[in-house]
There are 2 protein chains.
Amino acid sequence: MNEPARGRETRARIQAVAVELFTEQGYEKTSLREIAERLDVTKAALYYYFKSKEDIVASLVEDYFAQIDDLIAWGTSQPATPQTRAEILRRYVAIMAEGHRAFRMLHQNQAAVHSMAGPKGRRELFKERLTPLIELLVEPGATLADRLRPAMALGGMSFGWMFFADQVPDRGELCAALLDIACELADADRGDRP
Amino acid sequence: MNEPARGRETRARIQAVAVELFTEQGYEKTSLREIAERLDVTKAALYYYFKSKEDIVASLVEDYFAQIDDLIAWGTSQPATPQTRAEILRRYVAIMAEGHRAFRMLHQNQAAVHSMAGPKGRRELFKERLTPLIELLVEPGATLADRLRPAMALGGMSFGWMFFADQVPDRGELCAALLDIACELADADRGDRP
DNA sequence: GTCTATATAACGATAGAC
DNA sequence: GTCTATCGTTATATAGAC
């Protein structure tokens, strides 16, 4: 049980159980005792892998937000064409679908995540990323009204995914369908002059 | 300080402070001590008005869900026409906008609300209401794919509201604009045969 | 209605043996 | 790496005086 491979595996098992319980019962209502019990270890053992309870959820959140940051960086480096915008939406659903356990946990516990950025780091972890993402989906110099459609496209996809992902036979089809509608919605931002 | 009017007022002040702190810091991270301190009373005083901490948030949630239930009841009693569907969306934004403090608190703390329905009542308080609401927005016998558009319309409005409500000069205009897009989105459920 | 004082319980986290 | 044992803190909630 001393090989590093075993250690990584245990760490991953802790994360998996944590995601499950945090989603089911919420972050604050889930105690380290519960997580440890389900893994048949003691609380103290968890502290070998994570320095605090927050550190567990941080390790989960980190990866997800890093992907969004990468997407924003990529989008910024691209020309502002309709094709680019469609590709941004496509990559966004992909991130959502691929990390759907973390994604759901994150949105279920956004109060906890929000109050986690807490001291030293600034807050608004979600808004901080959604604002530039929306910005990439409108023409330069767009009005606030123009931002509504892409915003609703993103919010609609998130909601649609969380609502239907567990009752649909083929998640790939769901993604494709959501993306389709989102593209149509976000791209209808011309011809609104009377 | 004995008149019942004074009592109601105090109760309302407790609720107002609770909504504010629950939204700001989250339900679990907000202690009754904090709420009491901000009202310049002691913890014990709160127990004269509410029998538990959960009871405070329950009193907040109750009113909001009752309005949604009324909307579902009204929608069920109406003919399934495009006009009815548009009116359902209109009433939904109205509920969202009118009770926007509670609405935001609710979505920020959905983990807490979810784990509150807990024993004896069943869970899924949100899904329980969104499912019939979506049902009212599609033609009878619609496929799952047909439900995507109304679902995204609802989710998009919620997201758009929460994201922009605090940075817009006129919230009434925001509501109108969101509703407009949502109607267009939800009503495009014909002509998708190739 | 509001207070002081306290009961009771659980949590996150650490120390140190093995 | 995992354990036992425990520390220190804070929380919800109650009892009973005023």
Side-chain angles (χ1 to χ4, degrees), chain A residues 1-22 24-61 105 109 111-113 115-120, chain B residues 1-22 24-61 109 111-113 115-119:
Chain A
M1 292 188 179
N2 282 19
E3 326 98 82
R6 199 53 169 156
R8 278 189 185 278
E9 195 202 291
T10 303
R11 202 185 131 96
R13 280 177 65 228
I14 295 171
Q15 289 174 319
V17 169
V19 170
E20 191 177 339
L21 291 179
F22 290 165
E24 228 171 74
Q25 322 178 322
Y27 171 72
E28 318 271 3
K29 280 206 146 68
T30 303
S31 68
L32 295 178
R33 183 186 50 76
E34 278 179 292
I35 297 176
E37 255 171 25
R38 190 172 288 211
L39 290 163
D40 270 306
V41 294
T42 61
K43 253 191 327 178
L46 304 181
Y47 281 92
Y48 177 81
Y49 297 96
F50 299 94
K51 72 175 205 299
S52 69
K53 188 185 179 185
E54 276 200 5
D55 194 37
I56 298 180
V57 75
S59 77
L60 266 12
V61 161
M105 190 275 282
N109 292 287
V113 176
S115 78
M116 224 190 64
K120 100 174 268 176
Chain B
M1 290 186 179
N2 281 19
E3 327 99 83
R6 200 59 170 149
R8 278 187 184 280
E9 195 201 290
T10 304
R11 202 185 132 99
R13 280 177 65 227
I14 295 172
Q15 288 174 319
V17 169
V19 170
E20 191 178 338
L21 291 179
F22 290 165
E24 228 171 74
Q25 323 176 322
Y27 170 73
E28 318 270 2
K29 280 206 146 65
T30 302
S31 67
L32 295 179
R33 182 186 51 75
E34 278 179 290
I35 297 176
E37 255 169 27
R38 192 172 287 211
L39 289 164
D40 271 307
V41 293
T42 61
K43 259 191 319 178
L46 304 181
Y47 281 93
Y48 178 81
Y49 297 95
F50 299 95
K51 72 176 205 299
S52 70
K53 187 185 179 185
E54 275 201 5
D55 193 37
I56 298 180
V57 75
S59 78
L60 267 10
V61 161
N109 293 286
V113 176
S115 77
M116 223 190 63

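Convention: sequence-line order gives letters A, B, ...; per-chain numbering from 1. These figures come from a predicted structure and were not determined experimentally.
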Practice prompt. Measure from the side-chain N and O atoms of A:N109 to the backbone N and O of A:F22, and report whether any donor-acceptor pair falls under 3.5 Å.
Written response: yes

Discussion item. With a 3.5 Å distance limit and no angle check, can you tell me whether A:E34 reaches the backbone of A:S31 through a side-chain donor-acceptor pair?
Written reply: yes

Worksheet entry | Heavy-atom closest pair, residues A:G26 and B:A111 | CA-CB, 3.9 Å

So, is [X] close to the [N] phosphate, meaning a side-chain N or O under 4.0 Å from OP1 or OP2?
| X | N | result |
| --- | --- | --- |
| A:Y47 | C:dA15 | no |
| A:T42 | D:dC3 | yes |
| A:Y48 | D:dC3 | no |

Worksheet item: If you measure from the Lys or Arg side-chain nitrogens to the Asp or Glu carboxylate oxygens, is any gap between A:E37 and A:K43 under 4.0 Å?
Response: no

Worksheet item: Given the rule in the side-chain contact (heavy atoms from CB on, under 4.5 Å) test, do A:E20 and A:M105 qualify, once you have shown the distances and angles that lead to the verdict?
Response: CA-CA 8 Å; A:E20 191 177 339; A:M105 190 275 282; over 6 Å; no

Fill in: OG on B:S115 to NZ on A:K29, rounded to 0.5 Å
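Rounded to the nearest 0.5 Å, the NZ-OG separation comes to 4.0 Å.
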
Worksheet entry | Point-to-point distance, once rounded to the nearest 0.5 Å, from CD1 of B:I14 to CD of B:E9 | 11.0 Å

For atom [atom1] of [X] and atom [atom2] of [N], their distance in whole Å:
| X | N | atom1 | atom2 | value |
| --- | --- | --- | --- | --- |
| B:I14 | C:dG1 | CD1 | P | 11 Å |
| B:D55 | D:dA13 | CG | C1' | 13 Å |
| A:Y49 | C:dG12 | OH | P | 19 Å |
| A:D40 | D:dT2 | CG | P | 12 Å |
| A:R8 | D:dG1 | CZ | P | 11 Å |
| A:Y27 | C:dG12 | OH | P | 8 Å |
| B:I56 | D:dT12 | CD1 | C1' | 11 Å |

For residues 46-59 of chain A, dump all side-chain donor-acceptor pairs below 3.5 Å to protein atoms at least two apart in sequence or in another chain.
residue: A:S52; atom: OG; partner: A:D55; partner atom: N; Å: 3.1
residue: A:K53; atom: NZ; partner: A:Y27; partner atom: O; Å: 2.9
residue: A:K53; atom: NZ; partner: A:T30; partner atom: O; Å: 2.8
residue: A:D55; atom: OD2; partner: A:K51; partner atom: N; Å: 3.3
residue: A:S59; atom: OG; partner: A:Q15; partner atom: NE2; Å: 2.9
residue: A:S59; atom: OG; partner: A:I56; partner atom: O; Å: 2.7

Worksheet entry | Angle between terminal axes - the helix from C:dG1-D:dC18 to C:dC18-D:dG1, 5 pairs each end, rounded to 10° | 10°

Item to complete: Look at the side chain of B:A45 and decide which nucleotide, out of C:dA13, C:dT2, D:dC3, has an atom nearest to it.
Response: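 The answer is C:dT2, which lies nearest to the side chain.
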
Item to complete: Sugar-phosphate atoms are those with a prime plus P, OP1 and OP2; base atoms are the rest. Using that split, label each nucleotide of nucleotides 5-11 of chain C B, S or - for protein heavy atoms under 4.0 Å, 5' to 3'.
Response: ------S

